[in-house]
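Data block below; observations after.
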Amino acid sequence: MRIVLLLMLVAHVQQLHAQTDVRKKIQTDLILVEDGDTVNIPEGVYSIDATLSMEGKKRVVIRGAGIDRTILNFAGQTTGAEGLRVSAAEHITIEDLTVRDAKGDAVKTMNVQGITFRRVRTDWSGKPKSSNGAYGLYPVRCSDVLIEDCVARGASDAGIYVGQSRNIIVRGCKAFENVAGIEIENSSHADVYNNEAYNNTGGILVFDLPDLQVKRGGYTRVFDNLVRANNLANFAPKGNIVGKVPQGTGIILLAANHVEIFRNRIHENRTVGTSINSYYITENKIRDKSYDPYPTAISVHDNDFVKKRRKATMRGRMGKLYRFKLKFGRNVPDIIFDGILDEKRKPVNGNYPGEDRICISGNRQAGFANIDAEHDFKNISRDAAPYTCLPTPLVPVMLPGQK
Amino acid sequence: MRGRTWKISASLICVCLTILSATLKRERPPLQKLSEYGFFTGQPADQQPANGMMAYRLNTALFSDNAEKLRFIRLPSGGTVPYNDSAVLDFPVGTAIVKTFYYSQDMRRPEKGRRLMETRVLLRETSGWKALPYVWNEDQTEALLDVAGVTLEASYIDVDGRKRKHPYYVPNMNQCKGCHNYSEVLRPIGPSARQLSGPLQKGGAGPSQLETWAALGFLTGLPAGEHRPAAIVWNDPSSGTLDQRARLWLDINCAHCHNPEGPASTSGLFLGVKESDPLHLGIRKSPVAAGRASAGLVHDIEPGRPEASILLHRMESTDPGVMMPELGRSQADPTAVALVREWIRSMQPAP
């Protein structure tokens, strides 16, 4: 009994000690952990003053005591640009913890072959604001990425962001009150399913951007998600591409190819349920000669669109477009194609022949518009007939060792 | 009583065995004390190089919160390094590069004494380079390995006579590779022919260090003077044009990450001195993952308009989520900011 009391006293005194010691302990563990071992972070709220990083390890698990039990709080961070960083590693798992109020990105993993995030929460306290970090979960240049049962809130760019990676599954996650809920960028072979993206500016984004080393993504399936009421005012700092995402966007594609969007519930997104865009819609200049700015081989089928009959948000650049050019009034379309076509692909009647075509079919209550952005929105068409087709489904993503 | 002694001995043996097995399992564990390497003679704080250790100096150094640096290198006995004019010299296995960070109490009068902060050791082993940070104790008698990083306080009078006090961050061992990283392989950054082309003493008249190294037989294949890179010093206008000096500063302070093989390759911003694509240099380039660090600005570099350039904004910032470089400083470098500002201002504005 006396020993227990003594231990409690010691624990208490240690809590009062500068939390630098906690950071040092975790950081030392992350450096000294042997391949194949686990770094356990016990239950508690830890104030961390510097980036925690792990480098060059194999088959290591970083494990908290539970998504709401182990909380790494970076509000007092004085050095390092991210909360937790893992690089140049293989088969790493991060699970059962929360990263809060990181000064930059919350959890960044770079050049990791085999990275799993499970029951990890990234969060910035208070109202969503532009001074929050850019990304919550941020694997970049990774392969075999599994993000499951995670929660991302408050990111001033994307809550869950997978960039320049391949072979990816994002499932069972909740993303809310971010600018972008879930974003797949310049990545290939991604399955995004059973997630809830709600109350973001845009729910789910699939983007291909120019000027990057990993240029072309593709083969992304977005299915069985709830994409609801993504009507939050865009709070991204200007200069970032997501700053251009219109408030009230469900799913948005930018210059993406081979994307299949199906069986989603896309509800109450006030500006657009699903929009298919070329990079030209951003009005940014393209100087990357090897970049393909057109969306091709897109299929939007069997989704459930529900929306009250009311005006779009009319905010931002897109809002102006709605007000002065598109004039949809209360009859806001659920699916929009910007209508900017690649002449080299020899389009016929507003769509491409063969594999490149854009297909829209079997959706419930889906109003459509081709907004003819290429010709200053002169020939807006609500006729979806040129896009009635159903291409071969994309193949599911398989991760090593996963069912 | 005897039983108890036996128990203690047994547990001691256990501990010893555990340590021994841990030692055997790992390849040579790093030394815990800097003094164990034998890099220096006399009082450790005096930093007098021992036999085989050689001091060197770079033309343009990385800014580290005004910290001053002492640099030493030791090649293995009989070891040589071949000359090349584009990359860091490829030092042989057995090379040790040692860099001590310190603050003079008064930078205008260094003879008044100094405080050593940390010594970073780069060792070239058969498996590659290894980086080890040693932190100096309060008494300045020894520096101890600190893998997890620590925050110290720097207190000094700067070259302009101002009293300065700010945190000084010793990086954790992983963070060494945050900068010393080429395609995820750790390697030195500083000692390239371009950086060693000046004399050992700043502003001194002596021979270039390349010549000294060649004369000592360390450096092989040194070409004639006119074929070597010029000794451009970023803050010495007589050494090069504004463009040359700004580009060299960016090369030394940014390009270790911002190159196609570095950790910042994901950004598409490449600041190496040989980069010739204006877009990769950041000219009217949109940021990729800058987040709030963009500060509402649209391009990394807006020609003619430094105030509208994200690159300069991030150089000026001291917010850990915004500033660049993201490690190794808590203060801005006004002289470098002025140089890069002038460089951006000198560019022809976009029509």
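Proteins come first, then strands; the chains are lettered A, B, ... in the order of their sequence lines, and each starts at number 1. Note that the structure is predicted; figures quoted are calculated from it, not measured.
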Where does A/T78 contact chain B at under 4.5 Å (heavy atoms): side chain, backbone, both or neither? both
Counting heavy-atom pairs under 4.5 angstrom with chain A, the leader among B/A289, B/S330, B/A295, B/G328 is B/A289
Value rounded to 0.5 Å, distance of CZ in A/R141 from CD in B/E184: 10.0 Å
At a heavy-atom distance under 4.5 Å, which candidate from A/S130, A/G80, A/S156 has the highest pair count against chain B? A/G80
Please look at B/L327 and chain A and tell me whether the side chain, the backbone, both or neither of the residue comes under 4.5 angstrom of a heavy atom of that chain. side chain
Side-chain heavy atoms of A/K103 within contact of B/V322, under 4.5 Å: no
Examine whether an atom of B/D146 lies under 4.5 Å from a heavy atom of chain A, and if so say whether it belongs to the side chain, the backbone or both; otherwise answer neither. side chain
If you tally heavy-atom pairs under 4.5 Å between each of B/T318, B/V147, B/N181, B/I310 and chain A, the highest tally belongs to B/V147
If one checks every heavy atom of A/N132 against chain B at 4.5 Å, the contacting part turns out to be backbone
Residues in residues 279-289 of chain A that sit under 4.5 Å from chain B, counting heavy atoms only: A/N284, A/R287
Minimal non-hydrogen separation, B/H280 against A/D211, with atom names: CE1-O, 4.2 Å
Are any of the side-chain heavy atoms of B/E326 and A/T51 separated by less than 4.5 Å? no
What part of B/R329 lies closer than 4.5 angstrom to a heavy atom of chain A: side chain, backbone, both or neither? neither
Shortest non-hydrogen pair, B/G291 vs A/A134, comes out as CA-CB, 3.6 Å
B/A336 meets the side-chain contact (heavy atoms from CB on, under 4.5 Å) criterion, sequence neighbours left out, with B/W234, B/W249, B/M315, B/D333
Minimal non-hydrogen separation, B/S294 against A/N240, with atom names: OG-ND2, 3.2 Å
Heavy-atom pairs under 4.5 Å with chain A - which of B/G268, B/A293, B/P263, B/P171 has more of them than the others? B/P263
Might you point out which heavy atoms bring A/R23 and B/A148 nearest each other, and give the distance in Å? NH1-O, 2.9 Å
Considering only heavy atoms and a distance below 4.5 Å, find which of A/A50, A/G56, A/S131, A/G104 pairs most often with chain B. A/S131
Smallest separation among heavy atoms of B/G262 and A/M110, with atom names: O-CE, 4.3 Å
What is the minimum heavy-atom distance between A/A88 and B/K177, and which atoms define it? CB-NZ, 4.2 Å
Per-residue tally against chain B (heavy atom, under 4.5 Å) across A/Q164, A/M54, A/E55 peaks at A/E55
Heavy-atom distance under 4.5 Å to chain A: side chain of B/P167, backbone, both or neither? neither
If you count heavy-atom pairs within less than 4.5 Å of chain A, which of B/G321, B/P320, B/G149 leads? B/P320
Any chance you could lay out the side-chain contact (heavy atoms from CB on, under 4.5 Å) test for A/R85 and B/N174, step after step, and finish with the verdict? CA-CA 10 Å; A/R85 181 186 174 109; B/N174 290 337; over 6 Å; no
Would you say A/R166 has more than 12 foreign heavy atoms packed within less than 6.0 Å of its CZ? no
Lys/Arg N to Asp/Glu carboxylate O, A/D157 vs B/R292, below 4.0 Å: no
Between atom CG of A/L30 and atom CE of B/M173, what is the distance when rounded to the nearest 0.5 Å? 12.0 Å
To the nearest 0.5 Å, atom OG1 of B/T266 lies from atom CG of A/L212 at 8.0 Å
